[in-house]
Q: 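One structure, as structure tokens, below. Some questions next.
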Amino acid sequence: MTSEHESSPSDPSDEAVCKAELSTPAVGRLSLYYRELHRLIAAGEKSTNSRDLGQMVNVSPAVVRRDLSSVGSIGRRGVGYDVQLLAERIGAVLGSGVQWKAVLIGVGSLGNALLRYRGFERLGFSLAAAFDTDPAKYGREVGGTTVRPLDDLEAVLEKAKPELAILAVPSEQASEVAARVMAGGIQGILNFAPTTLRVPAGTAIINVDLASELQQLAFRIQNIRI
């Protein structure tokens with residue numbers, strides 16, 4: 001088994017420093033580690049190591065050890081990482097130990113799939129409401145969440161006070177909807193609309209362009225063939 005750097009859990013006061021120092025790629029990898037650790041927990045595994053964890057997410061053991069060290073690695077030399085403790089540590093850094101409420105705007109094909117995804121709850125995210133502009137969808141329950149008219153958005157934000165919004169709307173509607181959710185107190189937006197949204201300081205945003213991701217995948221395949 002690959003040796004791990006031995007260390008003790010870091011002081012809680014160091015957590016904010018860890019978050020500030022993490023790069024965007026490192027945060028992305030930590031999220032993948034977190035996902036795989038929960039799969040190991042579900043399978044009854046008690047420990048893992050940097051080699052095996054790296055193979056699960058396609059990075060080197062050295063990268064795994066560096067990432068985990070940056071959040072206060074709790075590995076033991078010659079033994080590896082306690083899966084449960086490591087998941088808890090990464091979850092605390094990523095904010096998954098906190099219960100987050102989110103709303104979904106846009107219940108088309110993608111929105112339907114997101115509403116039916118059960119992984120949100122496991123990671124500490126709950127959907128407070130879903131909205132659409134199609135009257136035929138009003139009152140319909142999808143994945144346990146009832147679809148409401150978009151006109152109800154402000155009232156729901158005021159009452160439920162969610163922190164996050166998921167946008168699965170057409171590009172021409174994205175800016176207006178983003179402005180409305182931010183005005184309603186939303187702190188973070190996950191944008192699936194095929195347009196890049198820019199938000200003022202104080203609001204976090206992740207733009208997910210599925211077509212762009214497919215283009216990048218096609219580019220990598222072409223390079224593999226060369």
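Just the heavy atoms: all of them, side chains too, but no hydrogens, waters or symmetry mates, feed the values below.
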Q: Is a side-chain donor or acceptor of S70 paired with a backbone partner of D67 at a separation under 3.5 angstrom?
A: yes
Q: Would you say E176 has more than 12 foreign heavy atoms packed within less than 6.0 Å of its CD?
A: no
Q: Can you confirm whether I41 is buried at CD1, in the sense that more than 12 heavy atoms of other residues, nucleotides or ligands lie under 6.0 Å from that atom?
A: yes
Q: Looking only at heavy atoms, which two atoms of Y81 and N49 are closest? And how far apart?
A: CD1-CA, 4.1 Å
Q: Would a 4.5 Å heavy-atom cut-off, applied to side chains only, mark L32 and N58 as touching?
A: no
Q: Looking only at non-hydrogen atoms, find the nearest pair between T145 and A130 and report the distance.
A: CG2-N, 3.7 Å
Q: Under 3.5 Å, side chain of K161 to main-chain N/O of E158, donor-acceptor pair present?
A: yes
Q: If I take atom CD from residue E154 and atom CG from residue D152, how far apart are they, to the nearest 0.5 angstrom?
A: 9.5 Å
Q: Working to the nearest 0.5 angstrom, can you tell me the gap between I90 CD1 and L85 CG?
A: 11.5 Å
Q: How close do A193 and S171 get, counting heavy atoms only, and between which atoms?
A: CB-CA, 4.3 Å
Q: Quick check: do R89 and V93 have side-chain heavy atoms less than 4.5 Å from each other?
A: yes
Q: side-chain contact (heavy atoms from CB on, under 4.5 Å) for V142 and R116? Distances and angles first, verdict last.
A: CA-CA 7 Å; V142 182; R116 298 179 191 278; 3.8 Å; yes
Q: Do F120 and L30 sit in the same hydrophobic cluster, where Ile, Leu, Val, Met, Phe, Trp and Tyr count as joined when their side-chain heavy atoms come under 4.5 Å apart?
A: yes
Q: How far does CZ of R180 sit from CG of L150, to the nearest 0.5 angstrom?
A: 4.5 Å
Q: If every non-hydrogen atom of V57 is compared with every non-hydrogen atom of E36, which pair is closest and at what distance?
A: CG1-CG, 3.9 Å
Q: Measure up the W100 and F125 rings against each other and bin them: parallel (under 30°), tilted (30 to 60°), perpendicular (over 60°).
A: parallel
Q: CZ/R198 to OG/S175 distance, rounded to the nearest 0.5 angstrom?
A: 10.0 Å
Q: When hydrophobic residues are tied together by side-chain contacts of less than 4.5 Å, even through go-betweens, does M56 share a cluster with V27?
A: yes
Q: Determine yes or no for a side-chain-to-main-chain donor-acceptor pair under 3.5 angstrom, with K137 supplying the side chain and V147 the backbone.
A: no
Q: Measure the spacing between CZ of R140 and CG of N112 and express it to the nearest 0.5 Å.
A: 7.0 Å
Q: Under the 3.5 angstrom rule, does the side chain of D132 hit a backbone N or O of G106 as a donor-acceptor pair?
A: no
Q: In this structure, are over 12 heavy atoms from other groups packed under 6.0 Å from K101 atom NZ?
A: yes
Q: Should V177 and I206 be regarded as members of a common hydrophobic cluster, given that ILVMFWY residues are connected when their side-chain heavy atoms come within less than 4.5 Å of each other, either directly or indirectly?
A: no
Q: L114, V107: one ILVMFWY side-chain cluster at the under-4.5 Å cut-off?
A: yes
Q: Linking I/L/V/M/F/W/Y whenever their side-chain heavy atoms sit closer than 4.5 Å, directly or via other members, would L210 and Y117 fall into one cluster?
A: yes
Q: Using the rule given for side-chain contact (heavy atoms from CB on, under 4.5 Å), can you reason through Y33 versus L86, listing the C-alpha separation, both sets of side-chain angles and the distance that settles it, and then say yes or no?
A: CA-CA 9 Å; Y33 303 149; L86 184 56; over 6 Å; no
Q: Could you grab the distance from atom OG1 of T203 to atom CD1 of I189, nearest 0.5 Å is fine?
A: 6.5 Å
Q: Quick check: closest heavy atoms across V181 and L157, and the distance to 0.1 Å?
A: CA-CD1, 4.0 Å
Q: Over all heavy atoms of both residues, which pair between L197 and A178 is shortest? Give the atoms and the distance, please.
A: CD1-CB, 3.9 Å
Q: Step by step, would you call T133 with V169 a side-chain contact (heavy atoms from CB on, under 4.5 Å)?
A: CA-CA 10 Å; T133 57; V169 299; over 6 Å; no
Q: Test your reading of the model: is there a side-chain donor-acceptor pair from Y138 to the backbone of F131, 3.5 Å cut-off?
A: no
Q: Under the side chain to side chain donor-acceptor pair (under 3.5 Å) rule, collect the residues that match up with N207, sequence neighbours excluded.
A: N191
